[in-house]
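Everything numeric in this text was worked out from a predicted model, so none of it was measured.
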Amino acid sequence: MAFTKEPTAYCKTALSDLQGAWSMLRESVVAYFGFQNSDQLLCHIDEAMSWECVRNLNLMKETLLLVHNIPRQYAPEEINELVDIVRENLVEVQSAIAEGEKI
């Protein structure tokens, strides 16, 4: 029985950019924590970063809609900008998949 060898180098992909964007958003929410519904926003961000959502990008897209709506009224502008960056990265991942690229 042959064992799969773990790669020693990883190429940067659209999916890794998306993960980074979610991480930056989460860090920003934690830094500004205390604005109205920040706890709810953090919960949805964690859900979007879960393995279940990563394996089902349509579910991530639905969760992103919730993440988009919560901070619009109460959060600092930086958080809203990071939500937009996450959205852009998700679109890039979906485009890469549609074009048959390895993500």
Side-chain angles (χ1 to χ4, degrees):
M1 180 171 147
F3 290 97
T4 304
K5 190 173 184 181
E6 183 175 351
T8 57
Y10 293 91
C11 62
K12 186 175 178 186
T13 65
L15 199 54
S16 66
D17 288 345
L18 177 60
Q19 179 186 21
W22 277 114
S23 295
M24 288 174 40
L25 174 60
R26 188 181 194 290
E27 289 173 14
S28 183
V29 171
V30 169
Y32 288 108
F33 197 82
F35 60 88
Q36 188 170 347
N37 297 327
S38 57
D39 56 339
Q40 185 181 19
L41 179 59
L42 197 56
C43 180
H44 289 303
I45 291 170
D46 286 343
E47 179 183 348
M49 294 175 73
S50 72
W51 184 242
E52 181 179 353
C53 282
V54 172
R55 291 183 53 93
N56 181 351
L57 293 178
N58 289 327
L59 182 57
M60 183 183 285
K61 187 176 179 180
E62 292 173 14
T63 307
L64 179 58
L65 183 59
L66 295 171
V67 168
H68 170 81
N69 291 331
I70 293 170
R72 289 296 171 204
Q73 295 176 331
Y74 309 110
E77 185 59 32
E78 178 183 334
I79 292 175
N80 289 304
E81 291 171 2
L82 288 169
V83 170
D84 292 338
I85 291 170
V86 169
R87 177 179 295 103
E88 292 167 7
N89 278 276
L90 182 56
V91 168
E92 287 180 24
V93 168
Q94 290 173 323
S95 294
I97 292 170
E99 294 172 11
E101 292 180 26
K102 185 177 178 182
I103 60 162

State whether the side chain of S50 and the backbone N or O of E47 hold a donor-acceptor pair below 3.5 Å, judged by distance alone. yes
How about [X] and [Y]: do any of their side-chain heavy atoms sit closer than 4.5 Å?
X: I97; Y: L57; value: yes
X: E62; Y: C53; value: no
X: L65; Y: N69; value: yes

At what distance, to the nearest 0.5 angstrom, does [atom1] of [X] lie from [atom2] of [Y]?
X: M60; Y: W22; atom1: CE; atom2: CH2; result: 6.5 Å
X: L15; Y: Q19; atom1: CG; atom2: CD; result: 7.5 Å
X: K61; Y: T63; atom1: NZ; atom2: OG1; result: 12.5 Å

Linked, directly or transitively: V54 and L25 (ILVMFWY side chains, under 4.5 Å):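 Result: yes, single cluster for both.
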Say whether L66 and I79 are linked into one hydrophobic cluster, either directly or through other cluster members, by side-chain heavy-atom distances under 4.5 angstrom.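 They do not share one cluster, since no chain of ILVMFWY contacts under 4.5 Å joins L66 to I79.
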With a 3.5 Å cut-off and sequence neighbours excluded, list the donor-acceptor pairs that the side chains of residues 33-44 form with protein atoms.
residue, atom, partner, partner atom, Å
S38, OG, G34, N, 3.1
S38, OG, F35, O, 3.0

Distance-only donor-acceptor hits, side chain of residues 82-95, under 3.5 Å, sequence neighbours excluded:
residue, atom, partner, partner atom, Å
D84, OD1, R72, NH2, 2.9
D84, OD1, R87, NH1, 3.1
R87, NH2, H68, ND1, 2.7
N89, ND2, I85, O, 2.8
S95, OG, V91, O, 3.0

